[in-house]
Amino acid sequence: ATPEQWRSRSIYQLLTDRYARADRSTTAACNVADGNYCGGSWRGIIEQLDYIQNMGFTAIWISPVTYNLPERTKFGYAYHGYWQQDLYRLNSNFGTADDLKALSVALHDRDMANIVVNHNGWNGTAESVDYSRFHPFDQKEHFHDYCTISNYSDQAMVEGCWLGDVDVELPDLNTEHPFVLNEYRSWIKQLVSNYSIDGIRLDTAKHVGRDFWSSFQEAAGIFSTGEVLSGNPVYVCEYQNTMHSILNYPLYYPMMLFLNSTKGTSTPLVKAIDILRSACKDVTLLTTFSENHDLPRFASQTQDLSLAKNVIALTILWDGIPIIYAGQEQHYAGYGDPGNREATWLAKYSREGDLYNIVAALNQARNRALSVDPAYLAYNIHAIYNSSEVIALRKGHAPNQIVSIYTSAGMGTGSSILHIGETGWPVDTEVVELITCQSAIVSSDGKLPVAMKDGLPRVYMSSNAIGGSGICGMN
Ligand code: ABC
Ligand code: CA
């Protein structure tokens with residue numbers, strides 16, 4: 001699909017090996033520290049699509065699908081899929097070509113595949129690499145000469161040297177080599193058409209030159225979002241000139257500074273709004289996340305459930321395309337790689353938890369907002385109120401905007417009323433808070449009385465905008 005079409009989607013990120021097994025087991029052992037394949041597969045995902053769709057997601061991001069290094073390494077097996085060795089074979093641990101096609105059909109072609117072009121994977125040192133084991137890049141000249149990235153602010157080094165370490169080297173593809181570029185172009189065309197892939201996540205985007213990406217993206221012909229792992233908005237946004245979208249790392253850090261403890265302040269987040277808008281070509285195409293398979297889970301930073309609700313709400317309602325990482329809705333608490341790659345099935349796909357239900361309610365709100373006014377998506381969010389522990393945001397044109405309020409106060413905080421102006425709703429407008437389903441009325445001074453309690457976020461739409469939607473029983 002096109003960037004325009006992706007703008008309206010909401011993505012559930014999962015690791016294919018860890019989301020669901022074809023036998024529907026919810027007890028199969030998966031000890032993250034072992035680094036084993038735990039048995040998740042494309043068939044397994046098909047079996048558990050309801051759990052995802054019931055939360056309101058409209059796309060799924062899966063692990064890289066290609067053949068990976070087969071040995072057990074110091075870090076375990078390549079269950080995550082980032083240690084590619086053969087572009088033209090699938091990772092049979094995840095299933096067959098027919099299974100992958102069946103998944104795409106089941107998703108109505110709403111799958112985002114993860115693409116690794118920067119490197120292959122090798123179980124051992126640089127000197128020991130046997131290039132003939134790789135396909136189609138089986139010559140030493142297809143790779144950059146070995147060097148390590150000792151300085152991440154040296155861009156030539158970031159692009160031209162190798163990731164990995166002496167235990168698992170990641171031989172760095174010479175993406176300037178015409179053979180490498182042409183092979184990648186024809187491979188991605190085939191992959192997209194064989195499996196009806198609809199969007200791609202470009203791994204290690206900052207480690208590959210921009211000229212390569214322009215050409216690769218043109219060959220792929222579908223929406224792409226790149227992983228440029230940096231907190232620097234100017235550096236990251238530059239990549240939006242060569243790919244449609246980028247993972248919003250520059251937002252991630254201020255979001256954590258605000259919400260990962262009850263001492264957090266909203267100032268960095270308020271600043272990030274303006275900085276990102278001036279640095280990026282189009283912030284409404286960025287992909288927003290608060291967890292992924294490389295980062296410490298939110299619940300490993302704080303166990304406070306109200307903060308977890310705030311961070312989920314912010315992720316879904318921010319400008320751009322939201323991504324929730326499998327397990328976030330179950331309050332999983334793994335600390336970093338590999339602890340953050342817990343099997344989703346061990347939570348039994350429970351739909352009872354607060355976080356599962358908040359994700360569902362907020363995806364539903366967002367889906368409603370964009371259906372009553374498609375221009376909602378292109379409207380840039382802005383802060384209409386902030387104090388050190390609170391921020392209120394507006395997104396969308398009147399009268400169908402969403403006004404949302406976030407706080408770092410945390411669980412157990414007492415009740416208080418905030419009076420929020422500049423909501424865009426006139427005096428006497430009736431609005432509904434979508435998490436509690438309580439209504440409120442804009443008062444005669446033009447301010448919305450917001451009842452805060454227990455450190456919970458608040459999300460408002462007008463009663464008219466949700467009328468007939470079933471949201472909060474509005475039929
Ligand atoms: C394995 C083991 C680990 C072990 C590690 C040494 O080796 O599993 O237990 O600790 C894959 C696997 C991993 C595996 C690696 C290496 O391969 O998933 O399990 O780790 O073999 C992508 C993927 C990631 C994937 C790869 C490699 C790349 O999402 O899952 O890993 O295919 C760098 C890359 C980034 C990469 C990330 C893991 O490493 O740029 O593409 N992710 C700084 C640097 C970043 C760097 C980051 C983390 O540190 O600038 O480039 O990311 O090392 C901000 C700054 C940032 C700074 C951050 C930390 O702070 O602005 O610049 O990032 O404030
Ligand atoms: Ca590179």
Side-chain angles (χ1 to χ4, degrees), residues 10 13 231 233 247-276 283 286-292 294-320 322-325 327-336 340 353-359 361-363 365-366 381-395 402-414 416 418 420 433-435 450 452-460:
S10 181
Q13 178 202 351
L247 286 158
N248 204 341
Y249 266 103
L251 176 69
Y252 170 77
Y253 296 103
M255 207 196 282
M256 291 302 119
L257 287 175
F258 176 34
L259 292 173
N260 74 2
S261 92
T262 52
K263 296 191 183 71
T265 68
S266 69
T267 319
L269 191 67
V270 176
K271 285 192 184 141
I273 297 177
D274 291 336
I275 299 174
L276 279 162
V283 290
L286 304 185
T287 37
T288 317
F289 61 92
S290 38
E291 288 190 6
N292 67 34
D294 290 336
L295 297 167
R297 294 267 193 190
F298 188 75
S300 76
Q301 305 172 57
T302 170
Q303 278 290 318
D304 189 302
L305 199 59
S306 291
L307 290 176
K309 292 174 184 174
N310 276 273
V311 91
I312 284 174
L314 200 58
T315 304
I316 294 178
L317 299 175
W318 195 263
D319 281 337
I323 304 173
I324 296 290
Y325 173 48
Q328 185 168 4
E329 75 283 4
Q330 297 291 351
H331 212 215
Y332 275 6
Y335 181 82
N340 56 8
D354 277 13
L355 298 186
Y356 183 92
N357 285 293
I358 282 225
V359 170
L362 298 175
N363 268 330
R366 180 175 180 272
I381 212 159
H382 58 270
I384 53 176
Y385 172 91
N386 75 288
S387 65
S388 83
E389 63 176 26
V390 174
I391 184 171
L393 301 171
R394 170 183 170 179
K395 182 173 171 70
I402 293 182
V403 169
S404 51
I405 298 95
Y406 308 86
T407 173
S408 61
M411 281 177 95
T413 306
S416 64
L418 286 173
I420 309 280
E433 200 290 310
L434 303 179
I435 297 171
V450 174
M452 303 295 286
K453 195 182 167 198
D454 206 26
L456 292 166
R458 297 294 187 224
V459 178
Y460 293 89

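Note that the structure is a prediction, hence the values are computed from the model and not measured. Side chains included, hydrogens not; waters and symmetry mates left out as well; all remaining heavy atoms used.
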**OP:** With rounding to the nearest 0.5 Å, note down the distance linking CZ in Arg458 to OG in Ser404.
**Re:** 12.5 Å
**OP:** Kindly indicate whether the side chain of Ile273, heavy atoms from C-beta on, has any atom under 4.5 Å from the side chain of Leu393.
**Re:** yes
**OP:** Quick one: pull up OG in Ser10 and CG in Leu362 and give me the separation to the nearest 0.5 Å.
**Re:** 10.0 Å
Subject >> From CA spacing to verdict: side chain to side chain contact (heavy atoms under 4.5 Å, CB included), Leu295, Tyr325 >> reply: CA-CA 11 Å; Leu295 297 167; Tyr325 173 48; over 6 Å; no
Subject >> Side-chain donor/acceptor of Ser306 to backbone N/O of Gly410, under 3.5 Å >> reply: no
Original post:
Hey, does Leu307 have a side-chain heavy atom less than 4.5 Å from the side chain of Phe298?
Top reply: yes
Original post:
What's the spacing between Ser300 OG and Asn340 CG if we round to 0.5 Å?
Top reply: 8.5 Å
Original post:
Hey, which of Thr288, Leu269, Leu251 is the one that makes side chain to side chain contact (heavy atoms under 4.5 Å, CB included) with Leu314?
Top reply: Leu269
**OP:** Give a yes or no answer on whether the side chain of Asp454 reaches the backbone of Leu456 with a donor-acceptor pair at less than 3.5 Å.
**Re:** no
Original post:
Taking the side chain as C-beta and beyond, is there a heavy-atom pair between Leu355 and Leu305 under 4.5 Å?
Top reply: yes
**OP:** Please report the shortest heavy-atom distance between Gly327 and Arg297, naming the atom on each side.
**Re:** C-NH1, 3.5 Å
Original post:
What pair of heavy atoms forms the shortest contact from Gly320 to Arg366, and how long is it?
Top reply: O-NH2, 3.2 Å
Subject >> Residue pair Glu433, Val459: steps toward the side chain to side chain contact (heavy atoms under 4.5 Å, CB included) verdict >> reply: CA-CA 5 Å; Glu433 200 290 310; Val459 178; 4.1 Å; yes
Original post:
Heavy-atom distance under 4.5 Å between the side chains of Pro296 and Gln301, does that happen here?
Top reply: yes
**OP:** State the CG-CD1 distance between Asn386 and Ile391, to the nearest 0.5 angstrom.
**Re:** 5.5 Å
Original post:
At what distance, to the nearest 0.5 angstrom, does OG1 of Thr262 lie from CG of Asp304?
Top reply: 7.0 Å
Original post:
How about Met256 and Val311: do any of their side-chain heavy atoms sit closer than 4.5 Å?
Top reply: yes
**OP:** Give the intermediate values and the outcome of side chain to side chain contact (heavy atoms under 4.5 Å, CB included) for residues Tyr460 and Ile405.
**Re:** CA-CA 9 Å; Tyr460 293 89; Ile405 298 95; 3.8 Å; yes
**OP:** Tell me, with the steps shown, if Glu291 and Thr315 meet side chain to side chain contact (heavy atoms under 4.5 Å, CB included).
**Re:** CA-CA 10 Å; Glu291 288 190 6; Thr315 304; over 6 Å; no
Original post:
Taking the inter-plane angle between the rings of Phe289 and Tyr249 on a 0 to 90° scale, is it parallel (under 30°), tilted (30 to 60°) or perpendicular (over 60°)?
Top reply: perpendicular
**OP:** Drop me the distance from Ser266's OG to Phe258's CZ, to the nearest 0.5 angstrom.
**Re:** 5.0 Å
Original post:
Are any side-chain N or O atoms of Asp274 and backbone N or O atoms of Val270, one a donor and one an acceptor, separated by less than 3.5 Å?
Top reply: no
Original post:
Per the side chain to side chain contact (heavy atoms under 4.5 Å, CB included) rule, which among Val283, Leu276, Asn248 passes with Pro233?
Top reply: Leu276
Subject >> Ile324 side chain near Asn363 side chain, heavy-atom distance below 4.5 Å >> reply: no
Original post:
Given side chains that start at C-beta, do those of Lys395 and Leu317 come closer than 4.5 Å, heavy atoms only?
Top reply: no
